[in-house]
Undergrad: 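For reference, the structure I am asking about is given below.
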Amino acid sequence: MKTEYIHQKLKQIDKKQFQHDLITWFENEQRDLPWRKSQDPYKIWISEIMLQQTKVDTVIPYYERFINKFPTPADLSSATEQEVLKAWEGLGYYSRARNLQHAVREVVSEYGGIVPNTPERLGSLKGVGPYTTGAILSIAYDIPAPAVDGNVMRVLSRIFLIEENIAKPSVRSLFEHFVEKLISKQNPSSFNQGLMELGALICTPNSPACLLCPVQQHCQAFAEGKELELPIKEKAKKKKIIPYTVLVIRDDHEGFLIEKRPDKGLLANLWQFPMAPLSDIDKKSIPHWFYGEYGIKIKIEKQIDTMKHVFSHIIWELDVIEASIIEEDANKMERPDTTVVSIQDMANFPMPVPHQKIVKQLQ
DNA sequence: AAGCCGGGGGG
DNA sequence: CCCCCAGGCTT
């Protein structure tokens, strides 16, 4: 049934002509991007992980710094996790960085530092899913494998007028079967990158430049004036708002109290100023709450700022206040994951963006 | 299949 | 304010 559907759709375009039009356009019009200067599988890999859910312009400076700091798998393998997180600071989805280092260590120990070139070995590495597997195979190794991301699904849903909900995992698999049939065996790298580049430059979500499109004559959505109706996608759910009071606590020697977040979940292993959950406690009872949690008596000095930070699924509403230490109870065990550092030394600790902003204000 | 996981930019 | 993302892991 599915194969019949794909076959039916594919019959409606001239495959060879489509490949030629797409590849020729890509090779003439592609952007000059740092990861396109080499075919080094390690560098392609780094770029593909960074590009997950992240725009090209954001990635470029991170990629340059990262490759500079960790030029080879061996370099990344021997770094500390905090170094890697610091290099990733601000990029988001920090599990990407942890998984990447874990996988690179496996490549060094199991494959002599050579990135594997089979879908099975590549796809079993941590953080390397179906998309990244196909991207590395095709771009670094010239192997015809589908690399289907949101861009590719948007482009192909328009070209073939596919009215399936692209948010469903089963539909991504449908698109992979499509690309397996459609991909150029001679030049899978330019074919895959061409689809993605087209999605980034021409076949954009809200205002596609169909009049400039190199594959316009193949596009069924354009022919029927439906390009703005595709792809079909379910609406995102509402984000839950979570209020916190952020405590910027000074000691008597220009030091500030920061803590390491848990090693799982949101912003794992990053550092932050302590945060009191306002949904659990009353604002007036913050010093009492803090004494219970940290064993340190504090006094609220003044409000510094309020800020809102939007994540993929929640929203932090932050009330930032300054506090001072009244008295420290030496009998109470200090939390192992807290430390007192100067503003200057804080630069060595990876912190979430809203906390980076607080640091910047304190300077 | 659904939830979790960041951050920035555009309209 | 809304929307858009060059995905993968966990449950």
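All values derive from a computational prediction rather than experimental measurement. Proteins come first, then strands; the chains are lettered A, B, ... in the order of their sequence lines, and each starts at number 1.
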Undergrad: Is A:Val152 touching bases, backbone alone, or none of the nucleic acid, heavy atoms closer than 4.0 Å?
TA: nothing

Undergrad: Using the C1' atoms only, state how far C:dG8 lies from B:dG9, rounded to an integer number of Å.
TA: 23 Å

Undergrad: Within the sub-3.5 Å range, which N or O atoms of nucleotides 9-11 of chain C have a protein N or O partner, and how far apart are they?
TA:
unit_1	atom_1	unit_2	atom_2	d
C:dC9	OP1	A:Gly127	N	2.8

Undergrad: Looking at A:His313, I'd like to know whether one of its side-chain N or O atoms comes within less than 4.0 Å of OP1 or OP2 on B:dC5.
TA: yes

Undergrad: Base, sugar-phosphate, or nothing: which does A:Ala135 touch, judged by heavy atoms less than 4.0 Å apart?
TA: nothing

Undergrad: Classify the nucleic acid contact of A:Gly199 as base, sugar-phosphate or nothing, counting any heavy atom under 4.0 Å across all strands shown.
TA: nothing

Undergrad: Hey, does A:Ile314 reach any base, or is it just sugar-phosphate, or nothing, if we go heavy atoms under 4.0 Å?
TA: nothing

Undergrad: Could you tell me if A:Thr72 and A:Asp75 have a donor-acceptor pair between their side chains, going purely by distance under 3.5 Å?
TA: yes

Undergrad: Taking only side-chain N and O atoms of A:Arg172, does any of them lie within less than 4.0 angstrom of OP1 or OP2 on C:dG8?
TA: no

Undergrad: With respect to the phosphate group of B:dC4, does any side-chain polar atom (N or O) of A:Lys239 fall under 4.0 Å of OP1 or OP2?
TA: no

Undergrad: When all nucleic acid strands are considered with a 4.0 Å heavy-atom cut-off, which category describes A:Ser47: base, sugar-phosphate, or nothing?
TA: nothing

Undergrad: Select base, sugar-phosphate, or nothing to describe what A:Arg154 touches, counting heavy atoms under 4.0 Å on all strands.
TA: sugar-phosphate

Undergrad: For A:Lys233 and C:dC4, is the shortest distance between a side-chain N/O and OP1 or OP2 below 4.0 Å?
TA: no

Undergrad: Kindly indicate whether a cation-pi arrangement holds for A:Arg96 with A:Tyr94, taking the cut-offs as under 6.0 Å to the six-membered ring centre and within 45° of the axis.
TA: no

Undergrad: Need one value for A:Arg31: base, sugar-phosphate or nothing, where a base atom within 4.0 Å counts as base even if backbone is also close, heavy atoms only.
TA: base

Undergrad: Side-chain N or O of A:Tyr94 less than 4.0 angstrom from OP1 or OP2 on B:dG7?
TA: yes

Undergrad: Please work out if A:Lys357 contacts a base, only the sugar-phosphate, or nothing of the nucleic acid, heavy-atom cut-off 4.0 Å.
TA: nothing

Undergrad: Would you indicate what A:Val59 reaches in the nucleic acid, counting non-hydrogen atoms under 4.0 angstrom: base, sugar-phosphate, or nothing?
TA: nothing

Undergrad: Rounding to the closest angstrom, what is the interatomic distance between C:dT11 and B:dG6 at atom P?
TA: 15 Å

Undergrad: Would you say A:Gln53 reaches C:dA6's phosphate, i.e. side-chain N/O to OP1/OP2 under 4.0 Å?
TA: no

Undergrad: Verify whether one side chain among A:Gln101 and A:Glu81 offers a donor that lies under 3.5 Å from an acceptor in the other.
TA: no

Undergrad: Under 4.0 Å, counting only non-hydrogen atoms across every strand here, what does A:Ser312 touch: a base, just sugar-phosphate, or nothing?
TA: base

Undergrad: Roughly how far apart, to the nearest Å, are B:dG11 and C:dA6 at atom P?
TA: 14 Å

Undergrad: Heavy-atom nearest nucleotide on DNA chain B for A:Leu270 versus A:Ser170: which residue maps closer to 5'?
TA: A:Ser170

Undergrad: A:Gln82 and A:Asn269: side-chain donor and acceptor closer than 3.5 Å?
TA: no

Undergrad: Under 4.0 Å between a side-chain N or O of A:His309 and OP1 or OP2 of B:dG6?
TA: no

